[in-house]
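Counting starts at 1 for both ligands and their atoms, following the listed order. Quick caveat, the model's predicted, so the values are computed rather than measured. Because only heavy atoms are used, hydrogens play no part in the values below, and waters and symmetry mates are left out as well, while side chains stay in.
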Amino acid sequence: MTVTEMPVTDRRLLVTGGAGFIGANFVRYWRGARPDDTVVVLDALTYAGNRANLDGLEDSQCRFVHGDINNTELVEHLLRDEALNTIVHFAAESHVDRSIEGPDVFVEANVLGTLSLLKAARKVWQLEPASTGQTAIAHRFHHVSTDEVFGSLTHEDPAFTESTAYAPNSPYSASKAASDHLVRAWHHTYGLQVTTSNCSNNYGPFHFPEKLVPLMILNVLHGRDLPIYGDGMNVRDWLFVEDHARGIERVLESGELGETYNIGGCNEWTNIDIVREVCRSVDERMAARPELVERFPHTPAAVGEPSETLIQFVTDRAGHDFRYAIDASKIETELGFQPATDFETGIKKTIDWYLDNEAWWQAVFDGSYRKAA
Ligand code: NAD
Ligand code: TDX
């Protein structure tokens with residue numbers, strides 16, 4: 001189908017999964033950069049969703065709706081009643097280890113949830129058959145995906161480009177790949193104005209402490225083992241989360257409809273090196289700020305030990321992808337996007353955020369943020 005571009009001028013956003021790690025950082029960034037835009041966050045508040053991630057952001061222009069993307073009627077109602085013209089779709093089950101333990105919810109949230117959104121968007125934005133006589137409403141559906149859909153690289157392989165064949169290996173990445181294909185099909189078949197971004201591993205504030213970087217920071221602070229899967233030589237490409245938000249902004253502003261854009265940090269690290277870096281960085285802070293040792297008496301620095309002594313090599317993740325790497329030249333050359341935060345700065349900001357926001361992660365650990373939601 002030929003798709004005529006209908007540019008969105010006055011942006012009114014539905015941000016799905018906006019109470020999760022990247023979604024909340026995106027809303028935070030967007031509210032700062034474009035305070036006049038309307039933002040409605042739709043989030044089911046699963047174990048990973050946290051209303052506190054949006055603290056200080058909600059006002060007359062930005063509101064939170066507790067609900068499931070699989071509730072198509074609710075999505076239609078929000079799009080229609082609030083005249084929303086842009087969906088930025090983050091909502092998903094996102095943790096690979098959980099997908100290995102229980103894949104069903106990944107298909108429900110990531111595949112069926114995306115289908116539900118696509119159906120609602122097509123209906124409310126009036127992309128029903130021409131015979132209905134309706135004129136389509138200007139809109140954009142931006143789908144947030146991952147580099148994991150491309151599978152695993154060896155050391156020698158070139159980085160993933162947008163034309164790398166899909167080869168998902170985990171239930172998580174398979175569900176994300178399926179959602180990417182649905183989004184593509186809604187563009188080609190029904191003319192939905194879509195863009196997709198496939199991003200590498202993010203790190204930064206509000207990251208749920210089941211994922212590598214926050215888990216290691218908090219385990220160091222508590223003097224707990226640092227579990228490294230396998231030999232720790234698996235490679236990931238790390239991007240500061242605010243740069244992901246900026247990359248999506250560029251795609252929303254200037255991305256070509258139906259196109260996909262890789263977003264990455266050009267910043268490959270083995271897991272063991274990332275963990276050593278976290279250990280070094282925390283130890284540096286402990287040395288510079290004695291009050292931290294009083295707050296965290298179980299951290300190795302409290303007894304003059306390096307945090308690296310906590311490293312434990314444990315059983316590998318099933319089907320563990322060896323290496324991800326993003327070739328981000330398309331978004332750089334076509335949309336002029338480059339990450340703004342280098343890794344050294346980003347990891348320091350992240351560690352400082354966890355040190356300064358103990359109430360946030362204590363509430364995550366004791367579940368009180370869920371009781372309050
Ligand atoms: P997250 O797990 O921190 O947050 C996911 C959010 O989605 C949570 O707030 C959760 O409550 C919500 N959610 C889940 N199912 C829902 C449903 N059915 N209806 C409504 N809300 C629902 O995940 P994240 O790390 O912020 O990832 C966000 C998106 O970015 C995901 O689509 C993920 O695949 C993608 N992504 C993540 C990374 C990364 O490094 N974390 C990298 C690339 C792409
Ligand atoms: O305890 C751990 N020990 C360990 O060695 C954990 C939690 C992870 N790891 C390894 C597995 C990975 O090689 O660290 C690497 C990173 O693991 P995760 O933080 O679980 O991220 P990953 O599996 O790479 O997936 C992440 O990036 C892509 C996000 O969770 C996905 O949502 C995103 O799509």
Side-chain angles (χ1 to χ4, degrees), residues 15-26 41-51 53-54 65-71 74-75 88-100 105-106 108-114 116-117 143-149 152 168-170 172-173 175-177 179-180 197-204 206-216 219 225-239 241 244 247-248 262-265 269-272 274-275 311-317 320-324 326 370 373:
V15 179
T16 72
F21 163 50
I22 306 175
N25 276 286
F26 174 82
V41 171
L42 175 63
D43 197 296
L45 296 180
T46 67
Y47 78 94
N50 185 346
R51 188 83 186 261
N53 293 358
L54 297 168
V65 176
H66 184 193
D68 195 315
I69 54 171
N70 272 299
N71 183 344
L74 169 65
V75 178
V88 188
H89 176 32
F90 294 95
E93 287 292 331
S94 68
H95 192 38
V96 174
D97 292 330
R98 285 178 188 257
S99 81
I100 295 166
V105 68
F106 283 73
E108 280 158 29
N110 302 0
V111 185
L112 299 179
T114 302
S116 164
L117 285 179
H143 179 55
V144 180
S145 192
T146 170
D147 58 359
E148 301 202 13
V149 297
S152 183
N169 290 320
S170 71
Y172 162 70
S173 53
S175 68
K176 290 297 291 185
S179 67
D180 294 8
S197 49
N198 294 85
C199 189
S200 61
N201 284 60
N202 287 212
Y203 68 98
F206 303 103
H207 207 177
F208 194 83
E210 64 186 351
K211 307 281 170 57
L212 183 74
V213 168
L215 180 76
M216 296 298 155
N219 280 10
D225 286 351
L226 307 178
I228 310 273
Y229 300 162
D231 61 6
M233 296 310 287
N234 301 63
V235 176
R236 298 290 182 266
D237 177 355
W238 294 92
L239 180 73
V241 63
H244 189 178
I248 292 171
N262 284 356
I263 306 178
W269 287 73
T270 60
N271 292 338
I272 184 69
I274 281 277
V275 173
I311 289 175
Q312 295 287 331
F313 291 92
V314 300
T315 309
D316 208 353
R317 170 184 280 175
H320 196 174
D321 282 339
F322 178 66
R323 173 177 165 239
Y324 305 138
I326 282 277
R370 297 202 55 71

**Student:** Apply salt bridge (Lys or Arg N to Asp or Glu O under 4.0 Å) to Asp97 and list each qualifying residue two or more places apart in sequence or on a separate chain.
**Tutor:**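 So Asp97 forms a salt bridge (Lys or Arg N to Asp or Glu O under 4.0 Å) with Arg317.
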**Student:** Between Ala44, Gly264, Ala48, Ala24, which one has a non-hydrogen atom sitting closest to atom 21 (N) of ligand 1?
**Tutor:**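 Residue with the shortest heavy-atom distance to the ligand atom: Ala44.
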**Student:** Considering only heavy atoms of Val144, which atoms of ligand 1 have at least one such atom less than 4.0 Å away?
**Tutor:**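 In order of numbering, the contacting atoms are 30 (O), 32 (O).
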**Student:** Measure the distances from the heavy atoms of Phe206 to every atom of ligand 1 and state whether one is below 4.0 angstrom.
**Tutor:**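 It does not; every heavy atom stays at 4.0 Å or beyond.
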**Student:** Between ligand 1 and Thr16, can you find any atom pair, the residue atom being a heavy atom, that is separated by under 4.0 Å?
**Tutor:**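 The answer is no: ligand 1 sits nowhere under 4.0 Å from a heavy atom of Thr16.
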**Student:** Under the ring-ring contact (aromatic ring centres under 6.0 Å, His included) rule, collect the residues that match up with Phe21, sequence neighbours excluded.
**Tutor:**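 Phe21: ring-ring contact (aromatic ring centres under 6.0 Å, His included) contacts with His207.
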**Student:** Among protein heavy atoms, which sits nearest to atom 10 (C) of ligand 1, and what does the distance come to when rounded to 0.1 Å?
**Tutor:**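 Answer, as residue, atom name and distance: Thr46 OG1, 3.2 Å.
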**Student:** Could you tell me if the side chain of Ile326 sits less than 4.5 Å from the side chain of Ile263, heavy atoms only?
**Tutor:**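 Ile263 does not reach Ile326 side chain to side chain.
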**Student:** Using a plain distance cutoff, I'd like to know if Gly20 has any nitrogen or oxygen under 3.5 Å from a nitrogen or oxygen of ligand 1.
**Tutor:**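 Yes, since at least one N or O of Gly20 sits under 3.5 Å from an N or O of ligand 1.
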**Student:** Looking only at heavy atoms of Gly18, does any of them come nearer than 4.0 Å to an atom of ligand 1?
**Tutor:**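 In this structure, Gly18 fails to qualify as a contact of ligand 1 - no heavy atom is under 4.0 Å.
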**Student:** Determine whether the side chain, the backbone, both or neither of Lys176 has a heavy atom under 4.0 Å from any heavy atom of ligand 1.
**Tutor:**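 It is the side chain that touches ligand 1; the backbone stays farther off.
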**Student:** Output yes when the distance from some N or O of ligand 1 to some N or O of Asn50 is under 3.5 Å, and no in every other case.
**Tutor:**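 In this structure, Asn50 places no N or O atom under 3.5 Å from an N or O of ligand 1.
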**Student:** How far is atom 2 (O) of ligand 1 from its nearest protein heavy atom, and which residue and atom is that?
**Tutor:**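 Ranked first by proximity to atom 2 (O) of ligand 1 is Ser94 OG, 2.7 Å.
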**Student:** One residue to check: Lys211. Relative to ligand 2, which of side chain, backbone, both or neither has a non-hydrogen atom less than 4.0 Å away?
**Tutor:**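 The answer is both, backbone and side chain.
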**Student:** Taking both backbone and side-chain atoms of Phe21, is any N or O found less than 3.5 Å from an N or O belonging to ligand 1?
**Tutor:**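 Indeed, backbone or side chain, Phe21 has an N or O that close.
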**Student:** So, 4.0 Å and heavy atoms of Gly113: is ligand 1 close enough to count as a contact?
**Tutor:**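 Contact absent.
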**Student:** Suppose we measure from atom 39 (C) of ligand 1 to each protein heavy atom; which comes out shortest, and what is that distance?
**Tutor:**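 Result: Ile22 CD1, 3.7 Å.
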**Student:** Do the side chains of Tyr229 and Asn271 get nearer than 4.5 Å, heavy atoms only?
**Tutor:**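 In short, these two side chains do not touch, never coming nearer than 4.5 Å.
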**Student:** Between Asp68 and ligand 1, is there a nitrogen or oxygen pair with a distance under 3.5 Å?
**Tutor:**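 Yes; the residue has a nitrogen or oxygen that sits under 3.5 Å from a nitrogen or oxygen of the ligand.
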